[in-house]
Amino acid sequence: MNKNNTYTNFIRNQIDIDLEQKLHTSIQTRFPPEPNGYLHIGHAKSIFLNFGLAKDYKGRCNLRFDDTNPTKEDIKFIDAIKEDIKWLGFLWDGNIKYSSHYFKQFYEYATELINKNLAYVCFLDSDEIRTYRGTLKKVGKDSPYRNTSIEKNLELLAKMKAGKFLEGECVLRGKIDMRSSFMCMRDPTLYRIRFDKHHQTKNQWYIYPMYDFAHCISDAIEGVTHSLCTLEFQDNRRLYDWILENLDDFNKPNRPHQYEFSRLNLEYTVMSKRKLQILVENKLVSGWDDPRMPTISGLRRRGYTKVAIREFTNRVGISKVDNITDMKILEVAIRDNLNIVAPRTMGVIDPIRVIIENYPEGKLETLQAPIHPQNKTMGKRNIFFSRELYIDKADFKEIVPNKKFRRLAINKEVRLRSAYVINATTFDTDLSGNITTVYATYDSDTLGKNPKDGRKIKGVIHFVEASKALKAEFRLYDRLFILKKLGKNNNFEQLLNKQSLITNHGMVEPSMANSKPELAYQFEREGYFCRDNQSSNKLIFNKTIGLHNAWKG
RNA sequence: UGGGCUGUCGCCAAGCGGCAAGGCAACGGGUUUUGAUCCCGUCAUACGCAGGUUCAAAUCCUGCCAGCCCAGCCA
């Protein structure tokens, strides 16, 4: 953020310059996913950037499916991506765009390049092309097909288009410079032959444009002013510019320009579609929307909100620096949002029974508890109190372990949240020594007030009344991997955190009977949870994130 | 001496020649019937390193060093 309390970055600075110099009267951006996987939080960064810029500058942002490779893409990903974008709260400008809708135009522009003697059909196979390309330190050499006549090339391209050649038999290449230090300028492939059925154009085409050829032209056709992508495309910018500058329709000062920013990397997770796909396919997670996945749908199922994700991307910012972002920034963003919106409730994740010995048998009290301690307008809810309750195992110790301990112990009083002060007297254990039941007494004059004699009760613990308690399953999530940063070549499947999902069975208060999937609730002292959106009938709660905990005891 | 980028607090990140923003974390303290929230305070004589230009340099110049990316008929 800058001094004016707004987020700034080098792209905004560039837009400001372009607008000031009247290069453009308004801006146009685009979000161009390839439909070959689900969107993840790194894409969310790009979505908020592109759609956010358009919104702030009163411009437009297209959603364009970059679908130039029929062998890798699938209609199911298109649907999932649209759903994720809508969920994030964005509406694309006009109709959804598809690179495949421009196939005819791409073909005509390819013809234009041939006519300008800037492209040729090459019959070298892929191995030969690689050999001819040279290496990073050694220049390449010209293809023997480089000097085919324009007329012949036109004819060959037409034959490629007509399906007269086999897959892999030939490609269309740009005629640029085999000695360039940019590998992508050594006569890049512009078109290849594929007989696969395309999800949009079906069997209409036998040739498909490469990314570098399709992307810049798509941007230009749509009037994109600022084409934003990630750092690995920096070299490709030379090809992007070369293509547009050599096409009469687009060789103008206000043509699209590409700007690159660094992709988002998060600690303890992976942000590559390929790796995420491996996790899904090898059933190492339950699916693309597994709550441990950094996908939009996973985060959503986990209980993350779009407000939090947007705030996170704002806090992280846009730059060109390679980064590994601290998970805490994401966690704090979701806590900040949920703290404001989440109704409070009580749930016991790891229950032990408590018997209030001096409380009348058969009596059931209805008490009221605030739904939000700072927001009275959210009202109150009914909770119950009786002789038999559940508290969390971690909230009782036989002997006070240290002087900072503020929970229940024998002869140590504690406040039951929104109810009475109790004091433990004794307890039962099972055969293995685990505590099963705690016996306690309650102070009947402490409801909504401190003890009369001035005793200070420091600790507050949560509870659920036994007869009214609802059984619930809690799914407790932790980081997906055990390392902050996964090395380039290490076997990432071996580095999965085996404790990333722990399932507990416990109790929640009866008000949770009509809780709704994906809506955030705070189980007080435990954290934020939401009902799982794939298990509609049972009370299954996904832990979004725990409360901030400064307790070092 | 292939080329393209990047190096500002533990993590993000502004800064574009005039006296190092902000967020997160951390650390003190206050409020609190959530060890939560909230509030208040502390937290880079220093910008990868070394030189140089200038009254003045994180910002300009030179030279190093480190990291990332590029040799798909992937995007």
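Just so you know, these numbers come straight off a predicted model, no measurement behind them.
- Rounded to a whole Å, the CD1 atom of Ile318(A) is 19 Å from the P atom of C5(B).
- Within 4.0 Å (heavy atoms only), Gly448(A) reaches at least one base atom of the nucleic acid.
- Comparing the same atom, P, in C40(B) and in C11(B) gives a spacing of 27 Å after rounding to whole Å.
- Using a 4.0 Å cut-off between charged nitrogen and carboxylate oxygen, Arg455(A) and Glu413(A) count as a salt-bridge pair.
- Picking from G35(B), G67(B), C74(B) the nucleotide with the shortest atom distance to the side chain of Asp322(A) gives G67(B).
- No contact: Thr71(A) has no heavy atom under 4.0 Å from any strand.
- Considering only side-chain N and O atoms, Arg192(A) lies under 4.0 angstrom from the phosphate OP1 or OP2 of C74(B).
- Counting any heavy atom pair closer than 4.0 Å across all strands shown, Asn13(A) reaches a base atom.
- Between Val460(A) and Gly317(A), the residue anchored nearer the 5' end of RNA chain B, judged by the nucleotide with its closest heavy atom, is Gly317(A).
- A close approach under 4.0 Å does not occur between any side-chain nitrogen or oxygen of Asn323(A) and OP1 or OP2 of U6(B).
- G30(B) takes the anti form, because its glycosidic angle lies more than 90° either side of 0.
- Nucleotides G48(B) and U59(B) are separated by 15 Å at their C1' atoms, to the nearest Å.
- What separates CZ of Arg315(A) from C1' of G23(B) is a distance of 7 Å, to the nearest Å.
- Residue Arg238(A) has no polar side-chain atom (N or O) positioned under 4.0 Å from OP1 or OP2 of G4(B).
- Side-chain N/O atoms of Ser319(A) include one lying less than 4.0 angstrom from OP1 or OP2 on A13(B).
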*Run the numbers on His226(A) and Tyr259(A) for ring pair (Phe, Tyr, Trp, His ring centres under 6.0 Å), then give the verdict.*
CA-CA 7 Å; His226(A) 301 264; Tyr259(A) 301 93; 5.7 Å; yes
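- For the OP1/OP2 pair of A75(B) and a distance below 4.0 Å, the side-chain nitrogens and oxygens of His215(A) include no atom meeting the criterion.
- Using a 4.0 Å heavy-atom cutoff across all strands shown, Tyr208(A) reaches no nucleic acid atom at all.
- Distance noted for atom P between U1(B) and A57(B): 34 Å (whole Å).
- With respect to the salt-bridge test (charged N to carboxylate O, under 4.0 angstrom), the residues Lys485(A) and Glu267(A) do not qualify.
- Using a 4.0 Å heavy-atom criterion, one finds that Pro373(A) contacts the bases of the nucleic acid, with or without backbone contacts as well.
- Comparing U37(B), G10(B), G23(B) against the side chain of His548(A) picks out U37(B) as the nearest.
- Relative to the side chain of Lys328(A), the nucleotides A75(B), G35(B), A25(B) differ in distance, and A25(B) lies closest.
- Judged by Watson-Crick or G-U wobble contacts below 3.5 Å, the nucleotide G2(B) has C70(B) as its partner.
- Separating the CG atom of Leu367(A) from the P atom of U33(B) is a distance of 17 Å, rounded to the nearest angstrom.
- In this structure, Lys137(A) places its NZ atom 16 Å from P of C69(B), rounding to the nearest Å.
- Contact annotation for Asn236(A): base contact, defined as any heavy-atom pair under 4.0 Å involving a base atom.
- In this structure, the nucleotide among G35(B), C5(B), A71(B) sitting nearest to the side chain of Arg406(A) is G35(B).
- A salt bridge between Lys484(A) and Asp326(A) is absent, with no side-chain N of the basic residue lying under 4.0 Å from a carboxylate O of the acidic one.
- Figure legend. C43(B) is base-paired to no nucleotide; pairs are counted as Watson-Crick or G-U wobble with both atom distances under 3.5 Å.
- For Arg407(A) against G35(B), a side-chain N or O and a base N or O form a donor-acceptor pair under 3.5 Å.
- A straight line from CG of Asp187(A) to C1' of C70(B) spans 17 Å, rounded to a whole angstrom.
- In the set C70(B), C11(B), G35(B), the nucleotide with an atom closest to the side chain of Ile329(A) is C11(B).
- Residue contacts shown for Gln522(A) include a base, since a base heavy atom lies under 4.0 Å away.
- Pairing for A57(B) is absent, with no Watson-Crick or G-U wobble pair whose two atom distances lie under 3.5 Å.
- Residue contacts shown for Thr135(A) include a base, since a base heavy atom lies under 4.0 Å away.
- Using atom C1' as the reference point in both C65(B) and G29(B), the two lie 44 Å apart (nearest Å).
- Residue Glu34(A) is classed as a sugar-phosphate contact, given heavy-atom separations below 4.0 Å to backbone atoms only.
- Under 4.0 Å is where a charged nitrogen must lie from a carboxylate oxygen, and between Arg525(A) and Asp392(A) no such pair does.
- Counting distance only, with no hydrogens placed and no angle test, the side-chain atoms of Asp235(A) and the base atoms of G3(B) include a donor-acceptor pair under 3.5 Å.
- Among the heavy atoms of the strands lying under 4.0 Å from Arg344(A) is at least one base atom, whether or not backbone atoms are also near.
- Taking the P atoms as reference points, G28(B) lies 23 Å from U33(B), given to the whole Å.
- Only the P atoms considered, U53(B) is 29 Å distant from G3(B), to the nearest whole Å.
- Between Arg237(A) and Glu260(A) there is a salt bridge, with a side-chain nitrogen of the basic residue lying less than 4.0 Å from a carboxylate oxygen of the acidic one.
- Side-chain N or O atoms of Ser262(A) include one that pairs as donor or acceptor with a backbone N or O of Val321(A) at under 3.5 Å.
- Tyr191(A) places its OH atom 22 Å from the P atom of G72(B), with the value rounded to the nearest Å.
- The residue Leu447(A) sits close to a base: some heavy atom pair falls under 4.0 Å.
- Residues Phe195(A) and Ile193(A) meet the side-chain proximity criterion, which asks for heavy atoms closer than 4.5 Å.
- The pair Arg344(A)-Glu524(A) does not count as a salt bridge, with every side-chain nitrogen at least 4.0 angstrom from each carboxylate oxygen.
- When the P atom is compared between C64(B) and G2(B), the two are found 13 Å apart, to the nearest whole Å.
- One finds a side-chain N or O of Arg133(A) lying less than 4.0 angstrom from the OP1 or OP2 phosphate oxygen of G72(B).
- Residue Val321(A) is classed as a sugar-phosphate contact, given heavy-atom separations below 4.0 Å to backbone atoms only.
- Contact annotation: Arg194(A) side-chain N/O to C74(B) OP1/OP2 distance is under 4.0 Å.
- If you check every strand for non-hydrogen atoms under 4.0 Å, Ile324(A) touches sugar and phosphate atoms only.
- Only the C1' atoms considered, U42(B) is 14 Å distant from C9(B), to the nearest whole Å.
- Along RNA chain B, the nucleotide closest to Lys449(A) and the one closest to Phe182(A) are compared, and the more 5′ of them pairs with Phe182(A).
- A 3.5 Å limit on both hydrogen-bonding distances identifies G30(B) as the Watson-Crick or G-U partner of C38(B).
- Below 30°, between 30° and 60°, or above 60°: for Phe233(A) and Tyr211(A) the angle between ring planes is between 30° and 60°, a tilted geometry.
- For the pair Lys138(A) NZ and G3(B) P, the computed distance is 17 Å after rounding to whole Å.
- Across all strands shown, G63(B) pairs with C49(B); the Watson-Crick or G-U wobble distances both stay below 3.5 Å.
- Residue Met210(A) is classed as a sugar-phosphate contact, given heavy-atom separations below 4.0 Å to backbone atoms only.
- Atom C1' of nucleotide G2(B) and atom NZ of Lys141(A) are separated by 19 Å, given to the nearest angstrom.
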